[in-house]
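Scroll down for the structure; my scribbles are underneath it.
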Amino acid sequence: MKIVGLMSGTSYDGVDVAVGEFTLDGDTLRLRPLGHRELAYPDDLRAQIEALLPPAATTIEAVCRLDNRLGEVFAEAAAVGVELAGGAVDAVVSHGQTVFHWVEAGRARGTLQLGAPARVAARVGVPVLHDLRSADVAAGGQGAPLVPAFDALLLDAAAGPRAALNLGGIANLTVVAPGGQVLGYDVGPANALLDAAARRFLGRACDVDGARAAAGRVHGALLDRLLAEPYYAASPPKSTGKELFHGGYLDAALAALGEPVAADDVLATLTELTARTVADACDRHRVTEVVAAGGGVRNPTLRARLAALGAGRWRLRTTDELGIPAQAKEAYAFALLGWLSWHGLPGAVPSVTGASRAAVLGSWTSAGPPFGTPTPTPPRRLTVAS
């Protein structure tokens, strides 16, 4: 079965497209990667998304316009996926763009991803799975992270406690260990605050290669203030996003210091914040290896700091060494979730999300009769039975 996975994360910089061919062999699911591509959002679309995200106010009209524009972008991305697959696929999984993840008193109450799946189905002519998080939220879960289902199948727990790390806008961790339940949660910001600082101080979308952070010094007082965030001390299951870690959050932390901080020092401090919170989580679970993926892997300054903090306790490597391109891991993971949902199998892991049951994820938008159902002759009239 060939499935296209589409993923746009909290960094809202573009769509990751990945195509996998899945074959079940006994109790082993074999994934053959068929290709991946990154499609960047144009600057005006990024601005349109940013204008709608919390803590900004918005309108239903703005939501509707963005939903349909994103649908066109995801439709184009799905078409690219079909090309990568050689011209035909069985399904598309479109995560959409998260614009709000509603967490209140530690409990997820709802979540919203935009991306007009009907536009995707109309473009490629196959069923599209979307709204992947809501079923887990309805079962009492956080709705995030969902990638641990993929990590748990990919990592060999028998090899000892190991962690899969994703460095997107938010850093999230999956931990597997011999005889233990799969654990996973959002650790805290990865690129979210770094990108906010780059936009504020550099006028750029990001600090390319962490170069400016490498030129700066960690500001101790700012780091202490950031590390005092209560989210880090909260016990899992837990999830977060730009509802908490946004530009205004950084502005408030800087204003509370009462003294200016150089741009490079802010970036160095935020890099240290991400590295420190991730390393603390890895140490807490006594892992021996961390397998990383996501956009943050391309930041050599962040990677070097993580490797230094783990030295002597855990080894840092990337999913490329396991055959999964680090930049496309989440897209491949959502393709896997599509395979599971197609077969009526749960994709959420209750020990990760805190749900009362393992939910089959997503809703299907059909491009015609679902799952090959024969098409009847169109009726010519309707009668009402008594």
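Because the structure is predicted, anything quoted here is derived from the model rather than measured.
- Between Lys2 and Glu21 there is no salt bridge, since no side-chain N of the basic residue sits under 4.0 Å from a carboxylate O of the acidic one.
- Ring pair Tyr249/Phe245 is perpendicular by interplanar angle, where above 60° counts as perpendicular and below 30° as parallel.
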Full working for salt bridge (charged side-chain N to carboxylate O under 4.0 Å, His left out) between Arg276 and Asp283: CA-CA 10 Å; Arg276 186 85 63 87; Asp283 290 342; over 6 Å; no
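- At a cut-off of 3.5 Å, with distance as the only test, no side-chain donor of Thr277 or Asp280 sits close to an acceptor on the other residue.
- Across every non-hydrogen atom of Lys242 and Ser11, the tightest pair is NZ-CA, 4.0 Å.
- Note that the OH atom of Tyr232 and the NZ atom of Lys238 stand 9.0 Å from one another [nearest 0.5 Å].
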Take His36 and Val17 through the side chain to side chain contact (heavy atoms under 4.5 Å, CB included) test and state the conclusion after the steps. CA-CA 5 Å; His36 70 280; Val17 184; over 6 Å; no
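- In this structure, Thr98 contributes its side chain and Gln113 its backbone to no donor-acceptor pair below 3.5 Å.
- Between the side chains of His95 and Ser8, no donor-acceptor pair is found at a separation under 3.5 Å.
- There is no path of hydrophobic side-chain contacts, each under 4.5 Å, that joins Val82 to Ile3.
- In this structure a side-chain-to-backbone donor-acceptor pair under 3.5 Å is missing from Asn166 to Ala171.
- A side-chain donor-acceptor contact under 3.5 Å links Asp265 to the backbone of Arg217.
- Note that CG of Leu337 is 11.5 Å distant from CG of Leu345, once rounded to the nearest 0.5 Å.
- Side-chain atoms of Glu272 and Thr274 form no donor-acceptor pair, as typed in the model, at a separation below 3.5 Å.
- Hydrophobic clustering (side-chain heavy atoms under 4.5 Å, transitive across Ile, Leu, Val, Met, Phe, Trp, Tyr) keeps Phe334 apart from Val15.
- Between Arg30 and Asp25 there is a salt bridge, since a side-chain N of the basic residue sits under 4.0 Å from a carboxylate O of the acidic one.
- A donor atom on one side chain and an acceptor atom on the other are not found under 3.5 Å apart for Asp90 and Trp342.
- Arg109 CZ: more than 12 foreign heavy atoms inside a 6.0 Å radius.
- A pairwise comparison of heavy atoms in Leu361 and Ala348 identifies CD1-N, 3.7 Å as the closest pair.
- By the 4.5 Å heavy-atom criterion applied to side chains, Arg119 and Phe74 are not counted as neighbours.
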Let's go through Arg123 and Glu72 carefully: what are the C-alpha distance in whole Å and the side-chain angles of both, what is the deciding distance for salt bridge (charged side-chain N to carboxylate O under 4.0 Å, His left out) to 0.1 Å, and is it a yes or a no? CA-CA 9 Å; Arg123 176 67 184 273; Glu72 294 172 354; over 6 Å; no
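- At a threshold of 4.5 Å between non-hydrogen side-chain atoms, the residues Val99 and Leu53 count as touching.
- Put simply, Val278 and Leu194 are part of two different groups of oily side chains (I, L, V, M, F, W, Y) that touch within less than 4.5 Å, one to the next.
- Note that the CD atom of Glu229 and the CG atom of Leu273 stand 9.5 Å from one another [nearest 0.5 Å].
- Cluster annotation: Leu165 is not connected to Val297 through the hydrophobic network of ILVMFWY side chains, with a link wherever side-chain heavy atoms come within less than 4.5 Å.
- Of the possible donor and acceptor atoms, one in the side chain of Glu243 sits under 3.5 Å from a partner among the backbone N and O of His101.
- Within the 3.5 Å criterion, the main-chain N or O of Leu309 finds a donor-acceptor partner in the side chain of Arg313.
- Judged purely by atom type and a 3.5 angstrom limit, Glu289 has no side-chain atom pairing as donor or acceptor with the backbone of Ala163.
- In summary, the side chains of Arg298 and Gln327 do present a donor paired with an acceptor at a separation below 3.5 Å, with no hydrogens or angles considered.
- Between Pro33 and Leu31, the shortest heavy-atom contact is CD-O, 3.4 Å.
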For Asp186 and Gln142, run side chain to side chain contact (heavy atoms under 4.5 Å, CB included): C-alpha distance rounded to whole Å, both residues' side-chain angles, the deciding distance at 0.1 Å, then the answer. CA-CA 10 Å; Asp186 289 342; Gln142 294 283 319; over 6 Å; no
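- Both Val349 and Tyr332 are assigned to one and the same hydrophobic cluster, defined by single-linkage of ILVMFWY side chains at heavy-atom distances under 4.5 Å.
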Verify side chain to side chain contact (heavy atoms under 4.5 Å, CB included) between Leu267 and Thr269, making sure each step is shown before the conclusion. CA-CA 5 Å; Leu267 290 162; Thr269 303; over 6 Å; no
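- Two residues are said to be in side-chain contact when any heavy atoms from C-beta on lie closer than 4.5 Å; His285 and Leu173 meet this criterion.
- Looking at Ser239, its side chain never comes within 3.5 Å of a backbone N or O of Ala144 through a donor-acceptor pair.
- Ion pairing between Arg37 and Glu83 fails under the 4.0 Å rule for side-chain N and carboxylate O.
- Under 4.0 Å is where a charged nitrogen must lie from a carboxylate oxygen, and between Glu61 and Arg65 at least one such pair does.
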Give the C-alpha distance, both sets of side-chain angles, the deciding distance and a yes or no for side chain to side chain contact (heavy atoms under 4.5 Å, CB included) between Leu129 and Ser363. CA-CA 6 Å; Leu129 186 70; Ser363 301; 5.7 Å; no
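- A donor-acceptor pair under 3.5 Å links the side-chain atoms of Ser351 to the main chain of Val182, judged by distance alone.
- The distance from atom SG of Cys206 to atom CG of Asp195, rounded to the nearest 0.5 Å, is 6.0 Å.
- A salt bridge does not link Lys329 to Asp320: none of the charged side-chain nitrogens sits closer than 4.0 Å to a carboxylate oxygen.
- Gln181 CD: 12 or fewer foreign heavy atoms inside a 6.0 Å radius.
- Note that CG of Leu39 is 8.5 Å distant from CG of Asp16, once rounded to the nearest 0.5 Å.
- For Asp156 (side chain) and Ala158 (main-chain N/O), a donor-acceptor pair under 3.5 Å exists by modelled atom type.
- Between Arg212 and Asp264, at least one side-chain nitrogen of the basic residue sits less than 4.0 Å from a carboxylate oxygen of the acidic one, meeting the salt-bridge criterion.
- Heavy-atom contacts from other residues, nucleotides or ligands closer than 6.0 Å to CG of Asp224 number more than 12.
- Look at Arg200 and Asp251 and you find a salt bridge, because one of the NZ, NE, NH1 or NH2 atoms lies within 4.0 Å of a carboxylate O, short of that distance.
- Between the side chain of Thr288 and the backbone N or O of Pro161 there is at least one donor-acceptor pair closer than 3.5 Å.
- To the nearest 0.5 Å, the span separating CZ on Arg303 from CG on Asp209 amounts to 11.5 Å.
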